[in-house]
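Residue numbers begin at 1 in each chain, while the letters A, B, ... track the order of the sequences. Only this structure's heavy atoms are used, side chains among them; waters, hydrogens and symmetry mates stay out.
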Amino acid sequence: MTVVTRFAPSPTGLLHLGGVRTALFSWLYARRHGGRFILRIEDTDRERSTDEAVRVILDGMQWLGLDADAGPYFQTQRFERYREVIAAMLAAGSAYRCYCTKQELEDERAQQLGRKEKPRYSGLCRNRAEPRVGAESVVRFKNPLEGTVVVEDLVHGPVVFENRELDDLIMARSDGTPTYNFCVVVDDMDMAITHVIRGDDHLNNTPRQMNMLRALGAAPPAYAHVPMILGADGAKLSKRHGAVSVLQYEEEGFLPWALLNYLVRLGWSHGDQEVFTLQELIAVFDIRDVNKAASAFNPEKLLWLNQQHMMRAQPAELVPYLRAQLKRLGLDSDNEALLEGVVLAQRERAKTLKGMAQNSRFFFTGDIELDPKAARKHLTAAEAPALQETRARLAALGEWSAAPINDALNALAAELGVGLGKIAQPLRVAVTGSAVSPPIDVTLALLGRERTLARLDAGIARCQGG
RNA sequence: GCUCCCAUCGUCUAGAGGCCCAGGACAUAGCCCUCUCAAGGCUAGUACGCGGGUUCGAAUCCCGCUGGGAGCGCCA
């Protein structure tokens with residue numbers, strides 16, 4: 001039997017980290033077993049679904065590289081099929097029309113709550129012989145009254161529910177449109193889903209879905225209910241904590257595979273390993289190893305992992321990402337060698353590609369921004385002579401690359417009887433605008449002789465009170 | 001309220017009865033390296049929620065408590 005998993009988000013909110021992680025688990029499980037991964041948009045709530053949310057799901061999945069083998073399917077395009085199944089169940093007696101009004105149901109609920117009971121539908125219309133003509137009706141599923149349903153959950157183990165705790169849920173609203181719990185059942189059956197991997201907020205829905213599946217003569221799939229992700233403060237993930245669109249992480253300069261690596265380690269582990277490639281994950285991931293407890297989102301660790309992945313990537317692989325971030329800063333470069341060099345020089349001092357771009361402005365701009373504090377400290381009249389000598393040595397250099405530059409600067413420092421820092425810092429400020437940059441030899445090599453000398457001249461002028 | 005789920009350092013986790021007076025990672029602090037900043041290396045502190053059992057022996061099994069979470073919609 002080939003494994004078929006699905007990711008079935010509802011476009012009523014923007015796709016966030018919690019959704020991405022369940023998508024990742026589903027995708028990994030399918031890939032691990034050479035199965036199929038399906039994307040299905042659960043948009044039966046036409047009131048709250050938005051086009052933007054659909055777009056974020058589609059763009060987000062693409063950015064992350066979580067490719068689907070089928071879909072995206074939209075439930076709103078399957079209404080015909082749902083109607084057909086409802087009619088069949090009505091005919092078979094596994095569903096019935098309920099004529100209770102909303103008001104009646106509300107009253108019933110209020111009374112039950114008043115008696116400190118679990119609110120549930122009494123089943124009043126369950127055995128109604130004749131239809132109530134002219135009255136509005138919904139269609140309810142006839143849930144078994146006795147016995148138990150056991151969810152053999154892949155992460156929780158067996159979970160037992162009593163059928164008497166379950167009431168007859170509504171499959172079709174009075175306007176005829178199908179409801180979520182019913183659509184899921186039909187879709188999972190039609191799409192031959194073998195493993196349903198979803199948030200554990202759905203665990204309580206599962207027994208009723210299994211009952212419906214059985215009423216339709218279908219064998220329930222395997223279920224895996226994965227824990228939720230909490231905000232950094234341990235509270236439920238919400239807009240305030242980090243339930244932001246997944247695309248926000250692209251903007252912030254995270255590598256998609258770093259984000260996935262971070263997410264997979266929330267609730268799952270493989271010994272002491274922290275950094276994984278997607279290929280490694282596919283090879284070792286098992287949904288059965290996922291933890292039962294919820295876990296909190298830790299932005300620092302995401303940052304660390306992102307840098308780890310930047311440091312392990314092929315520089316050329318990061319160039320498009322860096323270029324995109326530079327573009328956001330209004331900078332551009334088609335100098336592939338320079339871009340790769342900057343990646344190499346900066347990736348161990350940036351947590352994100354956005355940070356890398358910000359730290360690298362001076363490589364791509366005509367006029368640098370001078371940090372006043374650094375200038376005050378290093379571009380002083382006292383430094384002018386040394387800077388001038390530095391300029392002369394650099395101008396005289398035969399080959400403009402890191403090693404000779406380094407040799408020249410070291411030689412000069414030795415001659416002057418000072419540490420390299422004494423030479424490097426004023427030079428650095430003059431050439432980059434700040435007291436922080438990659439190693440001075442690497443920085444100058446990347447910058448090129450021309451720009452280096454020009455900026456040095458400007459720096460010297462400033463030292464002399466310009 | 002009822003039903004279901006969960007519980008190891010601040011955080012993510014290892015741990016499937018003796019290998020654990022609990023290991024790794026992020027973060028924090030100190031040191032080393034060093035042209036700045038990083039990266040890297042080394043060191044340090046911090047955890048099995050509580051109470052009962054079972055057992056020669058429990059972080060690991062059982063029960064209770066406490067604390068968190070979810071569901072109980074003509075929402076998904």
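With hydrogens and angles left out, the side-chain atoms of A:Asp168 and A:Tyr96 include a donor and acceptor closer than 3.5 Å. A:Tyr249 and A:Asn306 share no donor-acceptor pair across their side chains, judged by distance under 3.5 Å alone. For the 3.5 Å distance criterion, the side chains of A:Gln307 and A:Lys351 qualify, holding a donor opposite an acceptor. Inspection of the A:Gln346 and A:Ser360 side chains reveals an N or O donor paired with an N or O acceptor under 3.5 Å.
Taking a pair to require two hydrogen-bonding distances under 3.5 Å in either a Watson-Crick or a G-U wobble arrangement, B:G18 pairs with B:C56. Using the Watson-Crick or G-U wobble rule with both distances under 3.5 Å, B:G67 pairs with B:C6.
Only A:Leu420, A:Gly421, A:Ala424, A:Gln425, A:Arg428, listed by number, bring a heavy atom of residues 418-431 of chain A to less than 4.0 angstrom from any atom of RNA chain B.
Side-chain N/O atoms of A:Thr12 include none lying less than 4.0 angstrom from OP1 or OP2 on B:A76. Contact annotation: A:His202 does not reach the phosphate of B:G71 (side-chain N/O to OP1 or OP2, under 4.0 Å). OP1 and OP2 of B:A39 both lie 4.0 Å or more from every side-chain N or O belonging to A:Arg347. Between A:Asn291 and B:A14 there is a side-chain N or O to OP1 or OP2 distance below 4.0 Å.
Comparing A:Thr44 and A:Asn410, the nucleotide of RNA chain B nearest to each residue sits closer to the 5' end for A:Asn410. Comparing A:Glu165 and A:Asn205 by the nucleotide of RNA chain B whose heavy atom lies nearest to each, the residue mapping closer to the 5' end is A:Glu165.
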**OP:** Begin with the C-alpha distance, continue with both residues' side-chain angles, and end with the deciding distance and a verdict on salt bridge (charged side-chain N to carboxylate O under 4.0 Å, His left out) for A:Asp371 and A:Lys373.
**Re:** CA-CA 6 Å; A:Asp371 170 24; A:Lys373 201 175 152 198; over 6 Å; no

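Among the protein residues, A:Pro438 comes within range of the nucleic acid bases, having at least one heavy atom under 4.0 Å from a base atom. Within 4.0 Å of A:Lys292, counting heavy atoms only, lie sugar-phosphate atoms of the nucleic acid but no base atom. Here A:Ser295 lies in heavy-atom contact (under 4.0 Å) with sugar-phosphate atoms only.
Taking every side-chain heavy atom of A:Ala296 into account, B:C12 is the closest of B:A39, B:C35, B:C12.
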**OP:** Using a 4.0 Å cut-off on protein heavy atoms (strictly under), produce a 5'-to-3' string for nucleotides 15-32 of chain B with B for base contact, S for backbone-only sugar-phosphate contact, and - for none.
**Re:** --------BBBBS-----

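Between A:Thr76 and the options A:Thr177, A:Thr44, A:Asp43, a side-chain hydrogen bond (donor to acceptor under 3.5 Å, both in side chains) holds for only A:Asp43.
The separation of B:G68 from B:G24, taken at their C1' atoms, amounts to 26 Å, rounded to a whole angstrom.
Under the 6.0 Å distance and 45° angle rule, A:Arg140 counts as a cation-pi partner of A:Tyr121.
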